[in-house]
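What follows is a short report on a single structure.
All values below were derived from every heavy atom in this structure, side-chain atoms included, with hydrogens, water molecules and symmetry-related copies excluded.
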Amino acid sequence: METISENRCFGGTQGVYSHDSDATGTRMTFGLFLPEEAEDGPVPVLWFLSGLTCTHENAMVKAGAQGWAAEQGIALVFPDTSPRGEGVPDDDAFDLGQGAGFYVNATQDPWAEHYQMWDYVTDELSVYVANNFAIDPERQSICGHSMGGHGALTIAMSLPDRYRSVSAFAPICNPTESDWGRKQFTAYLGDNTALWEPHDASLLMRETGFPGPVLIDTGTADQFGDLLGTEAMAAAIAARRQNATLRLQPGYDHSYFFISTFMSDHVTFHAEALYGL
């Protein structure tokens, strides 16, 4: 592991680290905030999965999460959104290729060799962080924005015993019915739509739900609202009788200004689950 940077932050440490990944076959970079309490022993952890075009850095710098996490004694992990580097396939479009891994394991060429982001986030990086830092693997929650909201919801519902709570900002909720989903799933997973369904949060909500609490915030002025499938998620939550709060925030768009406004709500929400309050 290479330490790229470590900075004092709200009494704790905001670090950036890189390591060789077996899952992606590339060098991967992630951000990790450790609160002051980590000096005395393992602390609970909140994962933040970012959206299209982002790296590990966007939420780490713009979301304003560290101060709220420090108050609650919670670590934050900021993974990258895709493999990167020389020889890693890419596309000219912003919503496919590098920066747009969609948190799936690609099965189609040329993506399959490196784009194994489901395994990277849920298996490799999860174990790596727990083995190298003062993280309590028994107390984990997950959050995300846009494509990362899709990732957070699908990962949480697929691994319900691992995460105590899940939240999302403007998540892509119904990708099998959206241009933010059909295009990428065809490229990464092929034409068999049955292989897409485990990565559709609205379908998973109807079929299995989530045993813990769910919080979703989406802005009414979101410029990508037609691509998110919020209505499908609302219907699935109602059909499932899921313990969930879905809020439409008046006037807010898809930006990090929106995320930073409601980040304190999300960290507090997860803290209640992580500490069993």
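Closest approach of Ala134 and Ala38 over heavy atoms only: CB-O, 3.5 Å. Across all their heavy atoms, Arg247 and Asp265 have their closest contact at NH2-OD2, 3.0 Å. Summarising the geometry of Ser82 relative to Tyr115, their closest heavy-atom pair is CB-CE2, 4.1 Å, with the distance given to 0.1 Å. Contact detail for Ala130 and Ile135: the closest heavy-atom pair is CA-CB, 4.2 Å. Met117 approaches Thr81 most closely through the heavy-atom pair CE-C, 3.7 Å. Of all the heavy atoms in Cys143 and His270, the pair that sits closest is CB-NE2, 3.9 Å.
At least one side-chain heavy atom of Phe210 sits under 4.5 Å from a side-chain heavy atom of Val166. Contact of the Trp47 side chain with the Leu76 side chain is not registered, since no non-hydrogen atoms from C-beta on lie closer than 4.5 Å. Val77 is not listed as a side-chain neighbour of Leu46, based on a closest heavy-atom distance of 4.5 Å or more. Contact check for Leu227 versus Asp179: side-chain heavy atoms found under the 4.5 Å cut-off. Between Thr29 and Ile4, some side-chain heavy-atom pair lies under the 4.5 Å cut-off. For the pair Asp136/Val43, no side-chain contact is recorded, criterion being any heavy-atom separation below 4.5 Å from C-beta on. Counting heavy atoms from C-beta on, the side chains of Ile74 and Pro35 never come closer than 4.5 Å. At least one side-chain heavy atom of Cys9 sits less than 4.5 Å from a side-chain heavy atom of Phe33.
Annotation: the span from Cys54 atom SG to Met147 atom CE amounts to 7.5 Å, rounded to 0.5 Å. One finds the CE atom of Met233 at 4.0 Å from the OG atom of Ser202 (value rounded to the nearest 0.5 Å). Here the straight-line distance linking atom CG of Leu246 with atom CD1 of Ile216 works out to 5.0 Å at 0.5 Å rounding. Taken from CZ in Arg27 to NE2 in His19, the straight-line distance is 8.0 Å, to the nearest 0.5 Å. Here the straight-line distance linking atom CZ of Phe94 with atom CG of Leu52 works out to 6.0 Å at 0.5 Å rounding. Note that CD of Gln140 and CG of Leu159 are 9.5 Å apart. Values are rounded to the nearest 0.5 Å.
Between the side chains of Asn58 and Ser50, no donor-acceptor pair is found at a separation under 3.5 Å. A side-chain donor from one of Ser21 and Glu124 sits under 3.5 Å from a side-chain acceptor of the other. Looking at Arg164 and Ser141, their side chains never bring a donor and an acceptor atom within 3.5 Å of each other. Ser167 and His266 share a donor-acceptor pair across their side chains, judged by distance under 3.5 Å alone. The closest side-chain donor-acceptor pair between Gln14 and Gln66 falls under 3.5 angstrom. Side-chain N/O atoms of Gln72 and Tyr275 include no donor and acceptor closer than 3.5 Å.
Although no hydrogens or angles enter the test, the distance criterion places no donor-acceptor pair under 3.5 Å between the side chain of Glu207 and the main chain of Leu204. Side-chain atoms of His114 never come within 3.5 Å of backbone atoms of Pro83 as a donor-acceptor pair (strictly under, hydrogens ignored). Judged by distance alone, the side chain of Glu71 and the main-chain N or O of Gly67 form no donor-acceptor pair under 3.5 Å. With Thr176 contributing its side chain and Glu197 its backbone, the two residues share no donor-acceptor pair below 3.5 Å. Looking only at distances, a side-chain donor or acceptor of Trp196 sits under 3.5 Å from a matching main-chain atom of Gly190. With hydrogens and angles disregarded, a donor-acceptor distance shorter than 3.5 Å links the side chain of Gln184 to the backbone of Asp95. Looking only at distances, no side-chain donor or acceptor of Asp119 sits under 3.5 Å from a matching main-chain atom of Ala23. A donor-acceptor contact shorter than 3.5 Å links the side chain of Gln98 to the backbone of Val88. At distances below 3.5 Å, not a single donor-acceptor pair connects side-chain atoms of Glu177 with backbone N or O atoms of Gly229. Listed for the Ser5 side chain is no donor-acceptor partner under 3.5 Å among the backbone atoms of Gly15.
For Asp80, the side-chain contact (heavy atoms from CB on, under 4.5 Å) partners are Met28, Thr55, Arg84, not counting sequence neighbours.
Ring geometry, His254 versus Phe224: the interplanar angle exceeds 60°, so the pair is classed perpendicular (tilted spans 30 to 60°). By the 30° and 60° cut-offs, the orientation of the rings of Tyr188 relative to Trp111 is perpendicular.
Enclosure of atom CD in Glu113 is not indicated, since only 12 or fewer non-hydrogen atoms of other residues, nucleotides or ligands lie within 6.0 angstrom. By the 6.0 Å contact criterion, CD on Glu57 is open, its count of non-hydrogen atoms from other residues, nucleotides or ligands being 12 or less. In the displayed structure, Asp226 atom CG is contacted under 6.0 Å by at most 12 heavy atoms of other residues, nucleotides or ligands. Arg8 CZ: more than 12 foreign heavy atoms inside a 6.0 Å radius.
For an aromatic pair to be called close, the ring centres must be under 6.0 Å apart, and His145 with Phe262 fails this. Within the 6.0 Å centre-distance limit, the rings of Phe133 and Tyr17 are counted as a close aromatic pair. Taking the six-membered ring for Trp, Phe78 and His56 have ring centres at least 6.0 Å apart. Between His199 and Phe102, the ring center distance fails the sub-6.0 Å criterion.
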Would Tyr252 and Phe257 count as a side-chain contact (heavy atoms from CB on, under 4.5 Å) if you check the C-alpha gap in whole Å, the side-chain angles of each, and the deciding distance to 0.1 Å?
CA-CA 8 Å; Tyr252 284 90; Phe257 296 110; over 6 Å; no
With side-chain contact (heavy atoms from CB on, under 4.5 Å) as the test, would you mind laying out the steps for Asp217 and Phe258 before giving the verdict?
CA-CA 9 Å; Asp217 275 319; Phe258 159 59; 3.9 Å; yes
Between Thr268 and Trp68, is the side-chain contact (heavy atoms from CB on, under 4.5 Å) condition met? List the steps.
CA-CA 8 Å; Thr268 301; Trp68 304 113; 5.8 Å; no
Checking side-chain contact (heavy atoms from CB on, under 4.5 Å) for the pair Asn243/Thr245: CA distance, chi angles, key distance, verdict?
CA-CA 7 Å; Asn243 172 16; Thr245 300; 5.9 Å; no
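Under the 4.5 Å side-chain contact rule for hydrophobic residues, Ile237 and Leu215 do not share a cluster. Note on Leu228: it clusters hydrophobically with Val104, by side-chain heavy-atom contacts below 4.5 Å among ILVMFWY residues. When the side chains of ILVMFWY residues are joined at heavy-atom separations under 4.5 Å, either directly or via intervening members, Met205 and Phe185 end up in a single hydrophobic cluster. With hydrophobic clusters built from ILVMFWY side chains whose heavy atoms lie under 4.5 angstrom apart, Leu49 shares a cluster with Leu125. Residues Leu248 and Ile259 are members of separate hydrophobic clusters, defined by side-chain heavy-atom contacts under 4.5 angstrom among Ile, Leu, Val, Met, Phe, Trp and Tyr.
Applying the side chain to side chain donor-acceptor pair (under 3.5 Å) test to every pair with at least one member in residues 147-163, sequence neighbours left out, gives no pairs at all.
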